[in-house]
Amino acid sequence: MENIKYFIIDFDSTFTQVEALDELGDISLDGDPQKDKILKEIVELTNSGMEGKASFTQNLTRRLELLRANKRHLLPLIGRLKTKVSESVKRNREFFKDFSDNILIVSSGFKEFITPIVTEFGIKEENIYANTFVYDEQGNIIGFDKNNVLCLDKGKIQQLKALNLKGDVYVIGDGYTDYEIKEAGLANKFYAFTENVERDAVLAKAEHVAPSFDEFLYQNNLPMAISYPKNRISVLLLENIHPEALRLFKSEGYKVEVISSGLDEDELCERIKNVSILGIRSKTQLTKKVLESANKLIAVGAFCIGTNQIDLKSCLQRGVAAFNAPYSNTRSVVELAIGQIIMLYRNTIEKSNKMHQGKWDKSAKNSYEIRGKKLGIVGYGNIGSQLSVLAESMGMEVYYYDIVEKLQLGNAKKCSSLNELLSLADVISLHVDGRASNKNLIGKKEFDLMKEGVIFLNLSRGHVVDVPVLAENLKSGKILGASADVFPYEPKNNNEEFINELRGLPNVILTPHIGGSTEEAQFNIASFVPNRILDYINTGNTFQSVNFPNIQLPELNNAHRLIHLHENVPGILAQINNVLAKHNINILGQYLKTNETVGYVITDINKEYDKQVIQELKAINNTIKFRILY
Ligand SMILES: NC(=O)c1ccc[n+]([C@@H]2O[C@H](COP(=O)([O-])OP(=O)(O)OC[C@H]3O[C@@H](n4cnc5c(N)ncnc54)[C@H](O)[C@@H]3O)[C@@H](O)[C@H]2O)c1
């Protein structure tokens with residue numbers, strides 16, 4: 001007979017995303033001028049306790065002293081904790097109900113807030129093992145029940161000994177004390193739960209890691225809320241992508257690995273083998289060679305604007321959909337450009353530098369307002385057109401030039417040639433894309449056409465400007481001031497020296513490619529790209545993919561969705577439909593889009609179908625990728 005299985009689950013940072021006492025402090029210390037300092041101390045104490053570095057009892061006593069909490073703070077705390085239950089716990093609510101006889105919460109937290117949270121998931125009150133508070137007459141929390149073993153060092157071990165469970169014991173938790181149960185021989189397996197926090201000291205010891213509850217259930221062959229393949233999708237995020245992306249992928253139940261740096265080609269070839277979704281920024285090159293090692297890759301997300309670093313053609317040939325964030329940082333670039341125009345017209349940087357050297361240089365010479373000046377925008381795309389709106393609202397007269405016909409915003413005036421724009425503008429701002437033909441778009445001939453005393457900005461791409469010629473024009477005084485955020489060659493990291501002809505020139509603002517680098521933009525990018533990828537994986541929607549034919553699809557309702565990517569040769573749609581007709585399959589909807597190289601067909605079919613059909617669809621010649629959504 002199979003052994004009974006017991007699941008010992010930790011509460012803080014495992015069942016919930018947070019440490020309840022940290023949250024309690026946030027509530028009880030509200031209005032205290034020392035709040036931030038005290039909270040920091042509490043968090044440090046919590047972490048040292050979780051990593052097994054400090055005496056638990058002393059640590060708990062000190063934390064309660066610092067908290068200065070009262071009974072009345074508990075209700076708001078419970079309200080808050082209810083909103084912070086771990087995503088994968090919420091998802092697997094059924095598991096907690098169905099296995100409630102075998103699930104025990106063993107925590108050195110407090111029953112007062114644990115019980116109302118976990119019982120909502122069907123966990124039995126008698127299966128909750130935790131501390132309890134001691135109050136004074138005014139309801140102030142002044143300590144804890146000292147007879148409870150869970151307030152002691154190695155308390156969880158003692159608790160497990162006392163329980164004397166007869167069966168297999170699985171412990172899931174984020175803390176060192178959870179690991180100690182296994183170390184003491186009281187559990188068969190310990191799973192370090194890393195959905196909310198990753199503690200190095202715990203991970204160093206853990207034999208099993210559960211990035212989510214789904215993974216734990218999957219590894220133990222237990223019923224789970226989401227389907228097996230979904231759970232096994234693994235994501236690799238490189239180059240310090242904002243944590244919002246991690247949160248979004250994890251909340252889908254995916255396994256996510258985060259690496260803060262980029263990887264070179266060989267490293268990436270090695271790491272990408274089992275990866276289904278890759279997230280990169282501008283430094284990592286996704287080359288043909290890397291793609292050849294990427295056996296499972298479904299999608300790549302460029303967490304930036306440009307996609308030059310990705311071999312999009314090879315991606316398409318291997319059925320890998322690529323997505324980027326085309327306008328998540330548009331506003332950030334525009335705000336910087338506006339600020340720089342003003343700063344350059346007032347020669348602010350030079351004046352400020354002099355002040356730092358103790359020099360007072362008060363004069364209005366060569367200082368101008370931006371109001372009424374003619375702004376010439378080269379490239380009227382996302383950024384150019386947004387700049388047009390903001391600049392106009394500040395009183396500038398806007399002119400633009402673009403190689404394709406664009407919607408004129410506000411009172412902006414279209415120029416019929418680049419030359420026309422260059423010869424009339426007081427301020428010239430470049431916002432063209434980085435296509436190869438734009439190399440040295442602004443060179444000697446173009447600078448010669450510009451007016452005397454012009455202000456020049458490049459926040460687009462470095463190779464677009466002939467920089468030595470720009471430097472000559474600054475030195476001669478023809479250009480009154482310039483800003484450059486992008487350069488033909490940019491240092492690979494913060495340790496490499498920046499070498500450029502513009503260094504040391506007066507009234508030149510140099511910034512290290514940070515036009516789009518704001519917290520807001522990083523957050524926008526980190527939610528935009530994962531949402532596009534998740535939509536593609538969950539529905540087949542390729543809207544805004546940079547390489548797949550774009551199809552926007554209705555939601556999948558009580559149907560199976562067959563997704564077929566093939567080389568764009570004649571007759572594939574007919575072959576797909578022949579297979580379906582042969583098997584008497586009812587087509588509920590069909591969508592097709594092609595580009596020069598591939599065709600993308602989505603077919604929604606009703607539920608009853610012969611499984612043989614899948615084999616036949618996969619076997620159609622020129623198929624690149626076939627998948628089915630349930
Ligand atoms: N500095 C930064 O941190 C930062 C951040 C984001 C974007 N960018 C760069 O800014 C540029 C613009 O970004 P976007 O989102 O507006 O791109 P976009 O693709 O929306 O717009 C580019 C526009 O330039 C036009 N164009 C291309 N070549 C041209 C030419 N030779 N003459 C006139 N028009 C031309 C295109 O038709 C298009 O309308 C890109 O080069 C992008 O890489 C820089």
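Counting convention: from 1, in listed order, for ligands and their atoms alike.
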Next item on the list: Kindly write out the residues that satisfy side-chain hydrogen bond (donor to acceptor under 3.5 Å, both in side chains) with Asn329, not counting sequence neighbours, or none if the list is empty.
Entry: none
Atom pairs and distances, ligand 1 N/O vs protein N/O under 3.5 Å:
from     : atom 1 : to     : atom 2 : distance (Å)
ligand 1 : 1 (N)  : Leu459 : O      : 3.1
ligand 1 : 1 (N)  : Asp485 : OD2    : 2.7
ligand 1 : 3 (O)  : Gly515 : N      : 3.3
ligand 1 : 3 (O)  : Gly516 : N      : 3.0
ligand 1 : 16 (O) : Asn382 : N      : 3.2
ligand 1 : 16 (O) : Ile383 : N      : 2.8
ligand 1 : 20 (O) : Asn382 : N      : 2.9
ligand 1 : 20 (O) : Asn382 : ND2    : 3.2
ligand 1 : 28 (N) : Asn438 : ND2    : 3.0
ligand 1 : 31 (N) : Asn438 : OD1    : 2.8
ligand 1 : 34 (N) : Ile403 : N      : 3.4
ligand 1 : 37 (O) : Asp402 : OD1    : 2.6
ligand 1 : 39 (O) : Asp402 : OD1    : 3.4
ligand 1 : 39 (O) : Asp402 : OD2    : 2.6
ligand 1 : 39 (O) : Lys406 : NZ     : 3.1
ligand 1 : 41 (O) : Val432 : O      : 2.7
ligand 1 : 43 (O) : Arg461 : NH1    : 3.3

Item checked: Over 12 foreign heavy atoms within 6.0 Å of CG, Asp361 -> yes
Notebook entry, point to check: Is the centre of the Tyr591 ring less than 6.0 Å from the centre of the Tyr600 ring?
Noted result: no
Check: Just wondering, are more than 12 heavy atoms of other shown residues or ligands nearer than 6.0 Å to CZ in Arg346?
Finding: no
Check: Quick one: which of Lys451, Lys373, Arg371 gives a salt bridge (charged side-chain N to carboxylate O under 4.0 Å, His left out) with Asp426?
Finding: Lys451
Check: Asn595 and Thr597: side-chain donor and acceptor closer than 3.5 Å?
Finding: yes
